[in-house]
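Presented below is the structure to which this report refers.
Whatever order the structure lists them in is the order used to number ligands and atoms, beginning at 1. Not measured: the values here are computed from a predicted model.
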Amino acid sequence: METNILLFGEMEANRLCPSALDLLGFANSVHTGRVGKIIMALPTAGPTMKETVEDMAELISGASLHPVDLVILENPAFEHPHPPLLGVALKSLALENKAEMICLPHSMLYCQVAATVATGLGATVVTGVERLGREGEQITFERSLMNGKWKATVSPRSARQVVTLNSGAFAKDVPERKRGAKVTVMKRDFLKTDRGYPHLGMRWPESGTCALEKADAIVAAGRGMTATPQGLDLVRRAVGIFKNAALGSSRPLCDAQMLPFACQIGETGRRVAPGLYLACGISGAPQHLAGMNGSRCVVAVNTDPEAPIFNRADYGVIADAGQFLALLVKKYDERMERGRQIKDI
Ligand SMILES: Cc1cc2nc3c(=O)[nH]c(=O)nc-3n(C[C@H](O)[C@H](O)[C@H](O)COP(=O)(O)OP(=O)(O)OC[C@H]3O[C@@H](n4cnc5c(N)ncnc54)[C@H](O)[C@@H]3O)c2cc1C
């Protein structure tokens, strides 16, 4: 039985977002006999330039194992994110193409779109999918529970499924000899309006609080650093040890306003790729990993030997992160002091 797969990608500043290529990676991982038509839809306020479309088609062609219908959904209402409007367009496209599997990136915006579309189509929603599996003819989806400590295999019984895919989970290069899938481009508009909703404006976080994206080293604090008042001070002092370093954070600390949102690393925060990522008291939830997976060397300090961050870490320290950082800072200070004394002589 073949399945038509509809991928709902994202564009940013007239370019294809990397998450759109993750969606193609997902379609590639469905076993070949099962793949029917693949449709990739990209909502944009437009007008989309011919060269932009050509560039995107080339990228898609190099990232897909199967032919793709690239549908540009162009409407001025898409200038600002609006889940119900995106949902209307996606639902219409799913019905038109008889798509049984509808895939979106796992982000706050697209989880809302997924809910809208699934309700309209009577489909099952599976969010935060990390792997595909099979039970006979049935496709199954693997997702994390309890911040990554447990894995759940979901086996939907409904004819249609709407799934959101964790960032990076399906990213995989297509071998060169298999590249060059046929891409057919078309433009569609399913909205009866070009006015989404009264837009009051956008406010971006002040930049400069943390130069996270440019940092060579990041010391990141998680909930495990909040048990004592000195926890965050120690993290700040540890940042001072490294050259071109910045302070990062998991989401709970920003939600609790202990650190500014600009420090948040993860799916709904910044994406970083420093040389060193020192994760202190961070469990390693998939949403956090999504923001720091590109780090070259990850050192994790956690009291729980089962914490999922250790699966990603190059070096793991099972210890109280407060004690570890206090020792690190002490040793650094001692070494600096020795250096000063040698210079004085
Ligand atoms: C749609 C969505 C988007 C999200 N986006 C993000 C995001 O962008 N970024 C993000 O970070 N999260 C995000 N989250 C939240 C995410 O799921 C986790 O809840 C969050 O990352 C957990 O943060 P944490 O690891 O600091 O806390 P916890 O999961 O509570 O982990 C704390 C860890 O500290 C350890 N610990 C406790 N005491 C100590 C100690 N003294 N020394 C050392 N270790 C200690 C514990 O063993 C534990 O592993 C998102 C969630 C959703 C649903």
Side-chain angles (χ1 to χ4, degrees), residues 10 19 81 83 104-115 125-130 143-152 163-169 205 210 212-213 218-235 238 246-273 277-295 298-313 315-329:
E10 287 176 283
S19 59
L104 306 94
H106 185 71
S107 65
M108 263 197 288
L109 170 68
Y110 280 94
C111 280
Q112 291 177 63
V113 179
V125 192
V126 191
T127 55
V129 170
E130 290 161 5
R143 66 191 300 269
S144 289
L145 298 177
M146 307 285 289
N147 281 343
K149 282 190 186 168
W150 292 357
K151 297 285 177 202
V163 294
T164 66
L165 309 178
N166 264 2
S167 150
C210 302
L212 279 173
E213 284 89 350
I218 292 177
V219 185
R223 201 160 12 206
M225 291 310 298
T226 59
T228 61
Q230 305 82 6
L232 290 183
D233 284 344
L234 279 167
V235 178
L247 168 67
S249 167
S250 66
R251 179 165 161 173
L253 280 69
C254 302
D255 284 350
Q257 300 188 352
M258 297 167 118
L259 288 170
F261 173 64
C263 290
Q264 183 177 318
I265 291 166
E267 191 178 288
T268 40
R270 307 278 180 95
R271 301 205 174 207
V272 297
Y277 191 84
L278 177 52
C280 304
I282 292 179
S283 61
Q287 294 88 356
H288 186 79
L289 297 183
M292 47 67 77
N293 242 336
S295 307
V298 176
V299 180
V301 192
N302 200 304
T303 43
D304 176 4
E306 303 292 325
I309 189 76
F310 288 130
N311 298 331
R312 171 61 188 86
Y315 299 93
V317 183
I318 301 165
D320 178 297
Q323 285 179 8
F324 173 86
L325 289 181
L327 192 63
L328 183 72
V329 171

At a 4.0 Å threshold, what atoms of ligand 1 neighbour a non-hydrogen atom of [X]?
X: Thr268; answer: 3 (C), 4 (C), 5 (N), 6 (C), 7 (C), 8 (O)
X: Glu267; answer: 3 (C), 7 (C), 8 (O)
X: Ala285; answer: 16 (C), 17 (O), 18 (C), 21 (O)
X: Gly222; answer: 26 (O)
X: Ile265; answer: 7 (C), 8 (O), 9 (N), 10 (C), 11 (O)

Give the contacting part of [X] toward ligand 1: side chain, backbone, both or neither, where contact means a heavy-atom distance below 4.0 Å.
X: Ser249; result: neither
X: Ile309; result: neither
X: Pro252; result: side chain
X: Met225; result: neither

_From the candidates Leu253, Asp304, Asn302, the one that places a heavy atom nearest atom 48 (C) of ligand 1_ = Asn302

*asked:* Could you check whether any side-chain heavy atom of Ser107 comes within less than 4.5 Å of a side-chain heavy atom of Thr268, counting everything from C-beta outward?
replied: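 A side-chain contact under 4.5 Å is absent here.
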
_Below the 3.5 angstrom mark, is there an N/O of Ala321, backbone or side chain, next to an N/O of ligand 1?_
yes

_Distance-only N or O hit between ligand 1 and Gly281, under 3.5 Å_ = yes

*Does Gly269 reach ligand 1, in the sense of a heavy atom lying below 4.0 Å from it?*
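Under 4.0 Å: yes for Gly269.
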
*Within less than 4.0 angstrom of ligand 1, does Ala319 place any heavy atom?*
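Ala319 counts as a contact of ligand 1 under the 4.0 Å cut-off.
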
*asked:* Could you check whether any side-chain N or O of His288 sits under 3.5 Å from a backbone N or O of Ile265, counting only pairs where one atom can act as donor and the other as acceptor?
replied: yes

